[in-house]
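Here is the structure we will look at, set down as structure tokens.
Keep in mind it's a predicted model, so treat the numbers as computed, not measured.
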Amino acid sequence: MADTATLAPVAPERVPLPAPEDRGRTTIADGVVSRVASIAASEVEAVVDTRKGWTKLVRKGLPHAEATVAGETSSIRVEVAATWPTPLAPLVERVRAHVTERVDTLVGVTVSRVDVTVADVVHLDAPARRVV
């Protein structure tokens with residue numbers, strides 16, 4: 001029988017990377033920031049997502065966001081639907097803060113402004129109690 005020895009794999013030689021400023025650049029598209037902002041707005045309590053289910057047929061697809069990215073800074077417009085009877089001014093501030101934080105964290109783009117429009121107010125009926 002032949003003696004077989006197990007050999008450790010040999011790591012390839014590492015080539016040093018060029019300086020960060022010489023490696024190229026990353027460009028974030030407006031649509032990426034818009035999508036992240038739209039999802040972030042839907043995460044806020046009292047914001048109704050009308051983009052799915054039967055509400056998609058009856059209502060405009062909200063939340064909806066449009067972003068303009070210039071370098072590492074963005075300006076965002078967000079339209080949301082709120083549940084009735086939510087105070088709108090505090091809701092708008094929560095949406096603005098959450099969208100700013102999520103876009104900055106997830107995309108790495110600084111948000112210069114977030115304009116929030118409450119485009120719809122939705123009255124969510126609680127299901128009627130059935131007594132049997």
The criterion is side chain to side chain contact (heavy atoms under 4.5 Å, CB included); which residues satisfy it with A29, sequence neighbours excluded? V32

dist L17:CG -> D22:CG (nearest 0.5 Å) comes out at 11.5 Å

Please report the interatomic distance CG(L62) to OG(S42), rounded to the nearest 0.5 Å. 11.0 Å

Any link between I76 and V118 through a network of hydrophobic side chains (Ile, Leu, Val, Met, Phe, Trp, Tyr) touching at under 4.5 Å? yes

If Ile, Leu, Val, Met, Phe, Trp and Tyr residues are connected whenever their side-chain heavy atoms lie under 4.5 Å apart, and connections chain through other members, are V99 and I39 in the same group? no

Looking only at non-hydrogen atoms, find the nearest pair between A41 and V95 and report the distance. CB-CG1, 4.2 Å

What pairs meet the salt bridge (charged side-chain N to carboxylate O under 4.0 Å, His left out) rule with one or both residues in [range], with sequence neighbours excluded?
range: residues 23-35; answer: none
range: residues 69-90; answer: K60-E79, E66-R77
range: residues 91-115; answer: E43-R102, E93-R96, R113-D115

Backbone N/O of [Y] and side chain of [X]: donor-acceptor pair under 3.5 Å:
X: S38; Y: P63; value: yes
X: S75; Y: T68; value: no
X: S34; Y: A67; value: yes

Can you tell me which residue among V78, V114, V116, V44 is in a side-chain contact (heavy atoms from CB on, under 4.5 Å) with V92? V116

Distance-only criterion, 3.5 Å: show the donor-acceptor pairs between side-chain atoms of residues 80-88 and protein atoms not counting sequence neighbours.
from: T83; atom 1: OG1; to: T86; atom 2: OG1; distance (Å): 3.0
from: T86; atom 1: OG1; to: T83; atom 2: O; distance (Å): 2.8

Just checking E45: does its CD atom have more than 12 heavy atoms from other residues, nucleotides or ligands closer to it than 6.0 angstrom? no

In chain order, what residues pass the side chain to side chain donor-acceptor pair (under 3.5 Å) check against S74, with sequence neighbours excluded? none

